[in-house]
Amino acid sequence: MTNTLTRGVLLATAATLALGLSACGSDDTGSDTVAAAEGGSTSSSSAPESSMDGSATPAASDEPFGAACSAVPADGEGSFTGMTDDPVATAASNNPVLSTLVTAVQAANLVDTLNTTEDITVLAPANPAFEAVPADALDALLADTPQLTAVLTHHVIAGRLTPDQLAGTHTTLNNDEVTVEGSGEAFTLAADQTVVGAAPASVICGNVQTANATVYIIDQVLAPAAS
């Protein structure tokens, strides 16, 4: 199921991924942090840490965080509260921010896999990541199940990672690795891990909980490692 898609193939599908959702703020109501499973991490305390230049690094939040979180519905099944009692593929299908990702998951026949796999972390590209791909190239990718499967499973990590555990190198369901940098509420993946390779990918809405997964919405599509 997990055939590797080379970076060269993906690079042909998109010239740019200039992304971002126009939104601001995040929910500040309190809740318990989901217990973590696997994966390398860097830790952060409840108080701001000092960086090398003396500036404060924001502490990790127990709630969804990030500028794009306000694009998520405030109520209903697609809201943060509504997503918590559904498995991840079902929860994403109710969230308009992730509608294109859901289409891709359905095309790759991965709905049951994602819904039934316990304790995973999903790096979920937002709609603008897919909108940047030319329509004909995207259609071709959606029709190529092995390539599409490699792309999508590359975005899934075993274990529910809290923000304190997100930074580090993690094995994906595509049997390769992703490396996340940052702390608190600021996380990136280096440019050479993205399809275009021109700029780092950023977490734009993180720590979103579903029944079986923790979701970090990102602003670029990631590229599986070349074989």
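This one's a predicted model, so the numbers in the text were calculated from it and none came from an experiment.
- Residues Val111 and Val102 fall into different hydrophobic clusters, defined by Ile, Leu, Val, Met, Phe, Trp and Tyr side chains chained together at heavy-atom separations under 4.5 Å.
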Let me check something: any side-chain donor-acceptor pairs from residues 74-88 under 3.5 Å, sequence neighbours excluded? List them with distances.
residue : atom : partner : partner atom : Å
Ser79   : OG   : Gly76   : O            : 2.6
Ser79   : OG   : Gly82   : N            : 3.0
Thr84   : OG1  : Thr81   : O            : 2.7

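- Across every non-hydrogen atom of Asn212 and Thr116, the tightest pair is ND2-N, 4.5 Å.
- Taking each heavy atom of Thr210 and Ala91 in turn, the nearest pair found is CG2-CB, 3.7 Å.
- Side-chain N or O atoms of Thr103 include one that pairs as donor or acceptor with a backbone N or O of Ser99 at under 3.5 Å.
- When every heavy atom of His155 is checked against every heavy atom of Leu222, the shortest pair comes out as NE2-N, 3.0 Å.
- Tested against Leu152 for a side chain to side chain contact (heavy atoms under 4.5 Å, CB included), the candidates Val156, Leu148, Thr149 yield a single pass: Leu148.
- In this structure, the side chain to side chain donor-acceptor pair (under 3.5 Å) partners of Asn115, at least two apart in sequence or on a different chain, are Thr90.
- Taking CG from Leu123 and NE2 from His154, the interatomic distance works out to 8.5 Å, rounded to the nearest 0.5 Å.
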Determine whether Val122 and Ile120 satisfy the following criterion, side chain to side chain contact (heavy atoms under 4.5 Å, CB included), listing intermediate values before the conclusion. CA-CA 6 Å; Val122 179; Ile120 54 178; 4.2 Å; yes
Side chain to side chain contact (heavy atoms under 4.5 Å, CB included) between Leu110 and Thr153, worked out: CA-CA 9 Å; Leu110 288 173; Thr153 56; 4.2 Å; yes
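- Side-chain atoms of Gln209 never come within 3.5 Å of backbone atoms of Glu63 as a donor-acceptor pair (strictly under, hydrogens ignored).
- Scanning for side chain to side chain donor-acceptor pair (under 3.5 Å) contacts around Thr179 gives Thr169, with sequence neighbours left out.
- In terms of heavy atoms, Pro96 sits closest to Asn127 at O-ND2, 2.8 Å.
- Rounded to the nearest 0.5 angstrom, Gln106 CD and Leu101 CG are separated by 10.0 Å.
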Please step through side chain to side chain contact (heavy atoms under 4.5 Å, CB included) for the pair Ile217 and Leu98, ending with a clear verdict. CA-CA 9 Å; Ile217 301 173; Leu98 301 174; 4.2 Å; yes
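- Using cut-offs of 30° and 60° for the angle between ring planes, the Phe187 and Phe65 rings count as tilted.
- In terms of heavy atoms, Leu161 sits closest to Leu166 at CD1-CD1, 4.2 Å.
- Contact check for Val72 versus Ser70: no side-chain heavy atoms found under the 4.5 Å cut-off.
- Using a distance-only test at 3.5 Å, with no hydrogens or angles considered, no donor-acceptor pair links the side chain of Asn174 to the main chain of Asp176.
- The CD atom of Gln147 sits 6.5 Å away from atom CG of Leu141, with the distance rounded to the nearest 0.5 Å.
- Side-chain N or O atoms of Thr117 include none that pairs as donor or acceptor with a backbone N or O of Leu114 at under 3.5 Å.
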Chi angles and distances behind the side chain to side chain contact (heavy atoms under 4.5 Å, CB included) call for Ile157, Thr171: CA-CA 6 Å; Ile157 300 165; Thr171 301; over 6 Å; no
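- Counting all heavy atoms, side chain and backbone alike, Ala126 lies closest to Ile204 at CB-CD1, 4.2 Å.
- Note that OG1 of Thr121 is 6.5 Å distant from OH of Tyr216, once rounded to the nearest 0.5 Å.
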